[in-house]
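Naming: A, B, ... by sequence-line order, numbering from 1 per chain.
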Number of protein chains: 2
Amino acid sequence: MKCLRLESPGKMTLQKVSLSKPRERETVLQITHCAVCRTDAKMWTQGHRDLILPRVPGHEICGMLGTQKHVVWPGRSCGRCVQCLRGAENLCPAMRILGFHMDGGFAEAVIVPEESLVPVPAELPGHIACLAEPLACALNALDQAGEIPGKTLLIYGAGPVGLFMAMAALESGARPAVVEIDPEKVHRTSRFLRRTGIEICTDPDRGDFDLAVNAAPSSEAFKDALPRLKAGGRFCFFSGLTTREGIQADLFNEIHYRQLEVVGAYGCTREQMNRAVQILARRPDDVETLIDRLISLHEVPSILPLVLSGKALRFVVSVEGSTSR
Amino acid sequence: MKCLRLESPGKMTLQKVSLSKPRERETVLQITHCAVCRTDAKMWTQGHRDLILPRVPGHEICGMLGTQKHVVWPGRSCGRCVQCLRGAENLCPAMRILGFHMDGGFAEAVIVPEESLVPVPAELPGHIACLAEPLACALNALDQAGEIPGKTLLIYGAGPVGLFMAMAALESGARPAVVEIDPEKVHRTSRFLRRTGIEICTDPDRGDFDLAVNAAPSSEAFKDALPRLKAGGRFCFFSGLTTREGIQADLFNEIHYRQLEVVGAYGCTREQMNRAVQILARRPDDVETLIDRLISLHEVPSILPLVLSGKALRFVVSVEGSTSR
C-alpha cells in the first residue's frame, strides 16, 4: 500500500510498503480520509514526546470496513488499569497512539483494534467525519470543565479546534465567547462565526466568566484568564504550553484566594468520539467551512509549514488521491 | 476594655479603649480565648492585603454571650451575592474580616454580627474551641479536594494546621500522610502523631496519591506533589505562596497531559465552623497536644517572632490574663 512515512525530522516521503498482519481482535481499515493536525506538523519538525521513528503519522482517520464507514479512536489502552476501568482510557499509563507509537492514517490502510472503531452514519461524508477526533478532544475539555449548561465560557484561540469547542459548548447550552488576537484568523473563520452565531470577545476587561479554556499554546491565555474568572471559576488546560518561561507565583495566589480550579484535558475517550460523530452529523455544513481544502497524500509535506504557522484552516487528506468529496 | 492594637508594622501595644456601640443585628462577645495565627505574626511584620491600620488583630476567637459559649466565624459577608447565596460566603467580594478590616480578638470584647456566632458545647474548653477557625479552614481545603473517603491524601507541612487537616481527613475516611522536611517539627508533634496514628511520609518516591494539599507557603510542595499524583488527581492550594519566583511551564504540561486538577481554598464558611466545633468536641485531648501554652495579652508581641519562625506549636491567648484552662 501507499503511505507517507516520517523517517527523521523534516523527512517525510511517499512509500510503498506491505501492511503487516492484524493480530487478534485487530482489523484492517481501508482509509478514505485523514485530517492533518498541528501535532503532525510539530512532530515533522521537532519530534514529539510519544513519537517513535520511522512512523506513518495521522490520527484523525475515517475509513471503510466492508460497506460500513468508521472513524478511529486513535489510542490503544490496556483496558485493565484504574483509568481504563473508570472510563478515562485516555489517561491509561500504557497508552499507545496511532501515528505516534504505531503507524497511522497517512496511508491507504491502517491496522486498528476492533474496539477502537466508531461507526459513522452513511450520510456523513468522510472528510467531515475524520474531524471527530479533534472534536472529541474538545468535548473532553468541556467534560473536564464540569457542568456547563447556562455557564459563560471563554475560549482562547479561534483555530478550528477552539471553534469546535465553542460549537460543542453552544450545543450543551453554554454561552461561549472566543478570544483571538489575530484579526486574520477571525476573518478566515467568519463564515463559521456567522453561521453559528459564536461571538468573538473583543473587550479585554470583560470578566466574571464561569469557565475558560486555552486552545492556543501560549501561556498568555492562562495569565489573562484567571483574573477574568468568577471566584470558584475553572480554567482548563486543553493546550499544552510550548514555552519554557516561568509563571509568576502571584497567579497561584489568585487560585488560592478566589478558590479557582485549574484542570487539564488531554486526548479523548471512545465515548467522546461517539458524541463527536453525532455532533458532526447534525452540523456538517458548519464544519465544512473550517476545512481549507482536500489534498492528496503527496501534497502533505508541502502544506506542513502552513499548518505549523497556524495561518490556515484544516487540511484533509483524501486518500484515494482525488479531491472529490 | 483592654486590647492589643497594631499601630504600624512592628508596633503592637496594650491599650485601654472604649468599645463602640454594636449596630443592628450585632452583639458584644466577651472574649475568653483567642489563638495566635501565623497571619497575625505576618501582618505584624509586613502588613497584609486585607489589613487596615490601626487594628486589633486576632480572628480565632472564643467568648461568652451570657452563659453560652461561642466561637466566631470571622468574616462579614454581604449575604446577597451569588457566592453568599450558594453557601460560599468566604468568597463574597464584599467580605470584611475580623482582625483585618475590623477589630478582632486580642481584646476583652469584640463586636460581631449575631449570625457569625457558632455555639460551642459547654464541656469543650475555650482554649480548644478557639481553634475551630483554623480547623474549619482545613475542612474547607478538604471540601475543595472533593470526595475524599477512601482516598490517599498527601499533606505538605506538619504544622498544627496541616495536622488538623490530616486529623479531619482521617475522620472523613481518607488515608492521609504528611510530608515534613524539618525533623524538629516532627519531633514537636510526636505526641499528636502517636495519639492519632497519622503517618509522616518519608519516602520521596512514593506516588500515586489521589489528592495533595499544601499547608506550607513554599512552592516546593506544588512542584513535588504534581508528579506524585495519580492521573486525574487533585492538588489544593491551601497555603498562598510567599515567593515571587516563577514556576516552570513544564509543570502545567503535567496538568494538561495527566488531567490533574489544581484548586484553591481560602478561609472557611459558617457551616465548616460548625463541623469544626463538632470535631474538636470529639478530640479535645488530641488537639491539646498541638497547643504550646496559654499566654496573656501582654505576652503576644514577644512571642510573634517565634510564631513567624514556624518553630512552635499554637499559642492561645487566655484573655482573663490567667494561664488556667
Side-chain angles (χ1 to χ4, degrees), chain A residues 49-50 81-84 86-93 95 140-141 143-144 146 208 210 214 217-219 221-223 226 229-267 269, chain B residues 49-50 81-84 86-93 95 140-141 143-144 146 208 210 214 217-219 221-223 226 229-267 269:
Chain A
R49 193 186 76 147
D50 292 331
C81 71
V82 59
Q83 302 295 350
C84 285
R86 74 178 180 109
E89 62 265 26
N90 54 321
L91 302 182
C92 173
M95 172 76 105
N140 181 42
D143 287 351
Q144 304 315 314
D208 227 27
D210 297 302
N214 69 343
S218 148
S219 64
F222 184 60
K223 296 178 195 168
L226 292 199
L229 287 171
K230 275 189 185 132
R234 187 177 277 210
F235 180 89
C236 178
F237 264 111
F238 173 69
S239 271
L241 300 182
T242 50
T243 169
R244 294 199 51 84
E245 70 174 310
I247 292 181
Q248 283 296 320
D250 312 34
L251 217 52
F252 295 92
N253 286 338
E254 190 86 17
I255 297 174
H256 164 60
Y257 282 120
R258 301 205 304 126
Q259 293 196 175
L260 302 178
E261 304 189 345
V262 177
V263 303
Y266 179 64
T269 65
Chain B
R49 193 187 74 148
D50 292 332
C81 72
V82 59
Q83 303 294 350
C84 285
R86 75 178 179 108
E89 62 263 27
N90 55 322
L91 303 182
C92 172
M95 172 76 107
N140 181 42
D143 287 351
Q144 303 315 313
D208 227 29
D210 297 303
N214 69 344
S218 148
S219 64
F222 184 60
K223 296 178 194 168
L226 292 199
L229 287 171
K230 276 190 181 129
R234 187 176 278 208
F235 179 89
C236 178
F237 263 111
F238 173 69
S239 271
L241 300 181
T242 49
T243 169
R244 293 198 52 83
E245 71 175 308
I247 292 180
Q248 282 297 319
D250 311 34
L251 216 52
F252 295 91
N253 287 338
E254 189 87 17
I255 298 174
H256 164 59
Y257 281 121
R258 301 205 304 126
Q259 293 197 174
L260 302 178
E261 304 189 344
V262 176
V263 303
Y266 179 63
T269 65

If we only count heavy atoms from C-beta on, is the A:L241 to B:N253 side-chain gap below 4.5 Å?
yes
Checking B:N90 against chain A: side chain, backbone, both or neither under 4.5 Å from a heavy atom?
side chain
Using heavy-atom distances under 4.5 Å, tell me whether A:A265 contacts chain B through its side chain, its backbone, both, or neither.
both
For residues B:I255 and A:V263, report the shortest heavy-atom separation together with the two atoms involved.
CG2-C, 3.9 Å
Against chain B, label A:N214 side chain, backbone, both or neither, depending on which of its atoms sit under 4.5 Å from a heavy atom there.
neither
Which bit of B:I247 is near chain A, if near means a heavy-atom gap under 4.5 Å: side chain, backbone, both or neither?
both
If the test is ring pair (Phe, Tyr, Trp, His ring centres under 6.0 Å), which one of A:Y266, A:F235, A:F238 qualifies with B:H256?
A:Y266
Can you tell which part of A:F222 gets under 4.5 Å to a heavy atom of chain B, answering side chain, backbone, both or neither?
side chain
Side chain, backbone, both or neither: which part of B:Q248 has a non-hydrogen atom closer than 4.5 Å to chain A?
both
So which pairs with a foot in residues 233-242 of chain B pass salt bridge (charged side-chain N to carboxylate O under 4.0 Å, His left out), sequence neighbours left out?
B:R234-B:E261
Between A:Q259 (side chain) and B:L91 (backbone), is there a donor-acceptor pair under 3.5 Å?
no
